[in-house]
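Structure, as C-alpha cells:
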Number of protein chains: 2
Amino acid sequence: MFYDAMARAKDPAVRSHLLDRAAHMLRTRQPVTLRALVAGTGVSTMAVYTYFGSMDGLWKALRQEGFTRLAAKLAAVSTTTDPVRDLASLGAAYLANALESPDLYRVMFDAGFELEDADAADEALHCLVRAVERAKTAGRFRGDVDPLELATHSWTIGHGLASLVATGPLPHQALAHAVPMLTALFVSAGDDPVRCRRSVERGWGQMPPAGPGTAAPRP
Amino acid sequence: MFYDAMARAKDPAVRSHLLDRAAHMLRTRQPVTLRALVAGTGVSTMAVYTYFGSMDGLWKALRQEGFTRLAAKLAAVSTTTDPVRDLASLGAAYLANALESPDLYRVMFDAGFELEDADAADEALHCLVRAVERAKTAGRFRGDVDPLELATHSWTIGHGLASLVATGPLPHQALAHAVPMLTALFVSAGDDPVRCRRSVERGWGQMPPAGPGTAAPRP
DNA sequence: CGAGGAGGCATGACGTCGCTATGTTTTATG
DNA sequence: CATAAAACATAGCGACGTCATGCCTCCTCG
C-alpha cells in the first residue's frame with residue numbers, strides 16, 4: 001500500500017474507530033487480538049501503538065470508554081419528583097448498561113490496573129450521591145444518612161447483581177432481585193416501607209424485562 | 001466409544017502439585033503460563049495436557065478448587081444459637097476467603113462460568129440457605145421469606161463487595177459496609193432492627209480487620 | 001522557497017505463548 | 001514374555017504482542 005493522500009496528523013477518528021471496533025469484537029465474542037483488530041481497517045499494527053502505546057493501553061482506553069458511556073447513561077436518567085424512584089431508575093440504568101454488553105462490563109472491572117482518568121467513574125457515582133441527597137432533603141431518608149455511603153451501597157448491590165448475571169452464576173431473571181434489595185436498603189435509610197417499595201418498583205419499571213435477545217450467543 | 005476405565009493411573013500428587021503451584025503463581029502475581037508452570041517441576045508441558053487436557057482445563061480446575069476451598073471455609077463456620085449472627089459470620093468468611101487471594105477469586109468468576117462439578121458451588125450457597133432456614137424457624141425472619149432468595153441476596157452483597165474491593169475500585173476498609181447492608185437486608189426479612197444489628201456485628205467480629213499491603217487507594 | 005527535523009505509519013522480524021505431531025518409555029494385561 | 005495402551009519428552013507450528021528499521025508526509029526555519 002502506498003502513502004498517497006493519507007493524513008499524517010494523528011487522526012482521532014482512527015482512534016475511536018479502533019475503539020468501536022474493539023468494543024464490537026468484544027460484544028460479538030471474537031477474541032480481541034491486535035492483528036484481528038487492524039485487519040480490514042487499512043491501518044497496520046503500529047497504529048495501535050501510536051494511539052494506545054500498547055495492547056494494554058487499548059484495554060485501558062476501552063475501560064475508560066465503558067465508564068464514559070456509563071456516566072452518560074446515568075446522566076440521561078430523568079429526574080422526577082420522587083428521588084427514591086430516581087435512585088431505582090439509576091440502578092436499572094446501571095444494570096441495563098452492564099448487561100447490554102456484558103463483556104465490556106467485565107473489562108471495566110476485571111482490571112488489575114487503574115483508570116487514567118477517574119472523572120467518568122466519579123461522575124457516575126456522583127449521580128447516585130446527588131439522588132441520595134435529593135431524597136434526604138425531600139425527607140425520605142434520615143438526616144444522619146451519609147450520601148456517599150448509601151450511594152456506595154447501591155452501587156455494591158448493582159455491581160454484585162450485574163457481575164453475577166454477566167459472568168453466568170445467576171440467570172438474567174435474577175436482575176429482579178434488585179427491587180427487594182434496594183427497597184431493603186432505602187428503608188434502612190429511613191424511608192417508609194410501602195412507599196419505598198412503590199417508588200422502587202416505579203423506578204425499576206424503566207428496566208426492560210429479561211429478553212432472550214440479550215443472551216450471549218455462543219458461536 | 002468407551003475407553004477402558006482401568007487406564008494407567010495418573011499420579012494425583014502431580015495434579016494437585018500443579019494446581020497448588022498455579023494458585024501460588026496467581027497469588028504472587030506471576031503470569032500463569034504453561035512453560036513457567038512446569039519449569040522447575042521436572043515434568044514437561046505435556047503433563048498439563050495429561051492432567052487437564054488444555055490450559056483452559058487448568059483454569060477450570062483452578063476455579064473448581066476455588067469453590068471447593070470456599071465451601072470448606074463456609075462449612076467450617078461454627079453454628080451458634082443466633083442464626084442471624086451465623087449469617088453474618090458466613091458473609092465474613094466469604095469475604096475473608098475472597099480477599100485472602102483476590103486473584104483466585106477473580107478466576108472463579110471471570111468469563112465462561114462453566115464448572116465441571118457444580119456441587120461445591122451449590123454446597124457453598126446451601127450453607128447460606130440453611131442459615132436462613134434456621135433463622136426462620138427461630139422466628140427471626142418472616143414466614144413468607146424464601147430462604148434461597150434471601151441467601152442469594154446475601155451472596156450478591158458479598159460478591160459485590162468482594163469484587164469491588166478485589167479489583168480495586170473500593171479500598172479494603174470498604175468491607176465494613178457489609179455490616180449495615182446485611183443488617184438492612186435481614187431487617188427487611190423481618191428481624192428486629194436493634195437485635196439484628198447486634199447479631200450482625202457479632203457475626204462480623206470474626207472478620208479480621210483490614211490487612212496491610214492490600215490497600216487499594218481510591219483517587 | 002526549499003532543505004531538514006519530526007513523527008505517523010508499513011514492514012518484517014523476534015521471543016513467547018498454547019498446543020500438538022512424533023517417537024520413546026512405562027505399565028498393565030494376554 | 002509379548003503386546004497394546006497410557007504417560008511422557010522433545011521439537012516444532014501457528015499466532016500472539018512487541019519493536020527496530022526505514023519510508024513517507026508535514027511543519028518549521030533559515
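Note on naming: letters A, B, ... go to the chains in the order of the sequence lines (proteins, then strands), and numbering restarts at 1 for each one.
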**OP:** Dump the intermediate steps for side chain to side chain donor-acceptor pair (under 3.5 Å) on B/Thr80 and B/Asp86, then the final yes or no.
**Re:** CA-CA 7 Å; B/Thr80 70; B/Asp86 294 349; 2.8 Å; yes
Original post:
Under the side-chain hydrogen bond (donor to acceptor under 3.5 Å, both in side chains) test, which residues partner A/His153, sequence neighbours left out?
Top reply: B/His177
Original post:
Among A/Val77, A/Val84, A/Thr79, which residue meets the side chain to side chain contact (heavy atoms under 4.5 Å, CB included) test with A/Ser89?
Top reply: A/Val77
Could you pull out every donor-acceptor pair under 3.5 Å between side chains of residues 124-133 of chain B and any protein atom, sequence neighbours left out?
from	atom 1	to	atom 2	distance (Å)
B/Arg130	NH2	B/Glu123	OE2	3.2

**OP:** Strictly below 4.0 Å, heavy-atom distances to any atom of DNA chain C: list the hits from residues 40-47 of chain B, or just say none.
**Re:** B/Thr45, B/Met46
**OP:** Go through the structure and list residues passing salt bridge (Lys or Arg N to Asp or Glu O under 4.0 Å) with A/Asp20, not counting sequence neighbours.
**Re:** A/Arg69
Original post:
Taking the side chain as C-beta and beyond, is there a heavy-atom pair between B/Phe109 and B/Ser163 under 4.5 Å?
Top reply: no
**OP:** Would you check if the side chain of B/Arg106 reaches a backbone N or O of A/Asp110 as a donor-acceptor pair within less than 3.5 Å?
**Re:** no
Subject >> Phosphate contact (D/dC8 OP1 or OP2) by B/Tyr51 side-chain N/O below 4.0 Å >> reply: yes
**OP:** Determine, for nucleotides 12-17 of chain D in 5'-to-3' order, which nucleotides have protein heavy atoms under 4.0 Å from the base (write B), from only the sugar-phosphate (write S), or from neither (write -).
**Re:** B---BB
Original post:
Listed by chain and number, what are the side chain to side chain contact (heavy atoms under 4.5 Å, CB included) partners of B/Arg35, not counting sequence neighbours?
Top reply: B/Thr45
Original post:
Roughly how many Å is it from CG in B/Leu18 to C1' in D/dA7, rounded to a whole number?
Top reply: 14 Å
